[in-house]
Trainee: 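Let me begin by handing over the structure; questions about it come next.
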Amino acid sequence: MSAFKRKRGGQAHVGKKAKKVKFVADGGEAAVEAEQEKRNEGKWTNKERVLIFSSRGINFRTRHLMQDLRTMMPHSKADTKMDRKDKLFVVNEVCEIKNCNKCLFFEAKKKQDLYMWISNSPHGPSAKFLVQNIHTLAELKMTGNCLKGSRPLLSFDPKFDKEPHYALLKELFTQTFSTPRYHPKSQPFVDHVFTFTIADNRIWFRNYQIIEEDASLVEVGPRFVLNLIKVFQGSFGGPTLYENPDFQSPNMHRREIRLAAAARVREKQMVKEMQKMKRTEAKEDLARDVTADVFLTPADEKPVHIQTEAPEPKMVKKNKHKAFKRQRMKMW
């Protein structure tokens, strides 16, 4: 039975070759291409696979964001969290083991700062972002609802074509977030849009549903903002192709906030001390009578007279009025 199968398969193989030679002999190259397209129709030719995982120390919001991205991208794969002690070059080996050529790696630091790496493994390029203003599907409570596994449209801001580093990021986003055609886990429908907008030197990601009635857009989620830090030539390292001059690290931002708060406290203390000094000066002024010097007139200085002789005794006059009173009383 095995020999029969082998012989039959060999005949079919020869028949295919003969058919291809026949088309070429007739000179119909278009017919050959049409035949190849017909064979490839319905086949998964674009083998893009994205590995989405993170390091240890992420919070619940990052975990939910990763789960939302995996739900939206049927060509994604998951892996266990990577240890903090491992170097980032280990991610390339993980991608090779998982048979992935794209990677979204979320790196958590200090349990409050989240960095996202998007890389073309293993040769590069790669880009590092600071993720801000994360809102997941669970907390947004948007009215939109798209089909799970459907293929998205990618909408990019016109500014992506003006700068070379933005053009590189556009190609990275296109290859990473677009669902391959005829993917086994994808649906042959297009009912939502991924938008990448540049504003305030940051990339704003939004997910909208396309409503069939009037082709209007309703936001589904999730949403987040990417602040570009660096673009590297290799995967998770290598020579720096671009560095954002406007980027400020979260540590510096928190330091400035602390310094501003300390300056406000010092200013309040100085105001209190000034008020206290003014109150003490006012009390000292009230203790001394301000009007006491109003009636003081300058007088001429008189020579000092020293009396050497005793003063003469004064004559005491008798009070005649009392006697006169008594006389009158007697008369009454």
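These figures come from a predicted structure and were not determined experimentally.
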Trainee: How about Q248 and E256: does a side-chain donor come under 3.5 Å of a side-chain acceptor?
Mentor: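 Looking only at side-chain atoms, E256 and Q248 do form a donor-acceptor pair, the distance falling under 3.5 Å.
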Trainee: Any side-chain heavy-atom pair from K81 and I58 closer than 4.5 angstrom?
Mentor: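 The answer is yes; the side chains approach within 4.5 Å.
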Trainee: Is the closest side-chain heavy-atom distance between E48 and T179 below 4.5 Å?
Mentor: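 They are not in contact (no side-chain heavy atoms under 4.5 Å apart), so the answer is no.
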Trainee: Does S76 have any side-chain hydrogen bond (donor to acceptor under 3.5 Å, both in side chains) partners at least two apart in sequence or in another chain, and if so, which?
Mentor: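 So S76 forms no side-chain hydrogen bond (donor to acceptor under 3.5 Å, both in side chains) with any residue.
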Trainee: Answer yes or no: is there an ion pair linking K159 with D157, defined by an N-O contact shorter than 4.0 Å?
Mentor: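 Not counted as a salt bridge, because no side-chain N and carboxylate O are separated by less than 4.0 Å.
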Trainee: Do you see a donor-acceptor pair shorter than 3.5 Å between the side chains of N92 and S235?
Mentor: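 There is such a pair (donor and acceptor under 3.5 Å, judged by atom type) between the side chains of N92 and S235.
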Trainee: Can you check whether F194 reaches M72 side chain to side chain, under 4.5 Å on heavy atoms?
Mentor: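 Yes. Closest side-chain heavy atoms under 4.5 Å.
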Trainee: K230 and N244: side-chain donor and acceptor closer than 3.5 Å?
Mentor: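 Judged by distance alone, the side chains do not pair up.
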Trainee: Going by the angle between their ring planes, with limits at 30° and 60°, are F156 and F196 parallel, tilted or perpendicular?
Mentor: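 Parallel.
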Trainee: Mind checking whether F105 and F53 have ring centres under 6.0 Å apart?
Mentor: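 F105 vs F53: aromatic centres under 6.0 Å.
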Trainee: CD/E267 to NZ/K272 distance, rounded to the nearest 0.5 angstrom?
Mentor: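 The NZ atom of K272 is 12.5 Å from CD of E267, to the nearest 0.5 Å.
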Trainee: Are D191 and R151 within salt-bridge range, i.e. N to O under 4.0 Å?
Mentor: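 Answer for the salt bridge query: no.
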Trainee: Looking at S126 and G234, what are the two nearest heavy atoms and their distance?
Mentor: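 Nearest pair, atom of S126 first, then G234: OG-O, 2.7 Å.
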Trainee: Transitive ILVMFWY cluster of L153 at side-chain heavy atoms under 4.5 Å: who else is in it?
Mentor: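 Traced through the cluster, L153 reaches V190, V193, Y208, I210, L217.
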Trainee: Any heavy-atom pair between the side chains of L226 and M116 that's under 4.5 Å?
Mentor: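 Yes - at least one pair of side-chain heavy atoms lies under 4.5 Å apart.
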Trainee: Do the charged groups of R63 and D68 touch, with an N to O distance under 4.0 Å?
Mentor: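 D68 and R63: not salt-bridged.
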Trainee: Closer than 3.5 angstrom, by distance alone: can the side chain of R223 be matched with the main-chain N or O of N207 as a donor-acceptor pair?
Mentor: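 No; judged by distance alone, with no hydrogens or angles, the pair does not exist.
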